[in-house]
Amino acid sequence: MDNNNTNELCDKNYPSLAMAYVPWQKWQKLYSPDVGFSRATIFAELDKPFIGEEALDCE
């Protein structure tokens with residue numbers, strides 16, 4: 001892709017693979033450093049433990 005030609009970015013032959021929405025993380029409900037280290041995040045809102053299976057059964 002030629003960096004000087006921005007029309008190539010809008011070419012229908014090169015569809016985008018994905019789009020991300022990443023909201024700003026607010027600095028609230030923080031874990032202490034030792035808890036954050038063991039949970040792999042200091043933000044309590046982001047602490048979503050892995051359960052090892054699909055969360056929803058749509059059948």
Side-chain angles (χ1 to χ4, degrees):
M1 183 183 308
D2 183 6
N3 290 336
N4 295 326
N5 188 355
T6 57
N7 289 333
E8 286 184 17
L9 297 175
C10 298
D11 189 347
K12 300 278 189 225
N13 293 320
Y14 298 101
S16 62
L17 298 176
M19 294 182 72
Y21 169 72
V22 182
W24 287 98
Q25 181 63 43
K26 296 179 181 175
W27 286 84
Q28 58 189 11
K29 299 182 185 174
L30 299 178
Y31 287 144
S32 64
D34 57 330
V35 173
F37 184 74
S38 67
R39 304 297 294 186
T41 181
I42 61 168
F43 300 105
E45 293 92 359
L46 296 180
D47 190 1
K48 308 291 185 199
F50 178 69
I51 59 173
E53 59 187 39
E54 192 172 343
L56 299 175
D57 185 12
C58 297
E59 292 183 57

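Because only heavy atoms are used, hydrogens play no part in the values below, and waters and symmetry mates are left out as well, while side chains stay in.
- Among pairs with a residue in residues 34-44, those fulfilling salt bridge (charged side-chain N to carboxylate O under 4.0 Å, His left out) read R39-D47, at least two apart in sequence or across chains.
- Membership of the apolar cluster around Y31 extends to V35, as traced through chained side-chain contacts below 4.5 Å between ILVMFWY residues.
- Residues forming a side chain to side chain contact (heavy atoms under 4.5 Å, CB included) with W27 (at least two apart in sequence, or on another chain): L30, I42, F43.
- Between the CD atom in E45 and the CD atom in Q28 there is a gap of 5.0 Å [rounded to 0.5 Å].
- Under the 4.5 angstrom side-chain criterion for Ile, Leu, Val, Met, Phe, Trp and Tyr, V22 has no cluster partners at all.
- With sequence neighbours excluded, no residue satisfies side chain to side chain donor-acceptor pair (under 3.5 Å) with S38.
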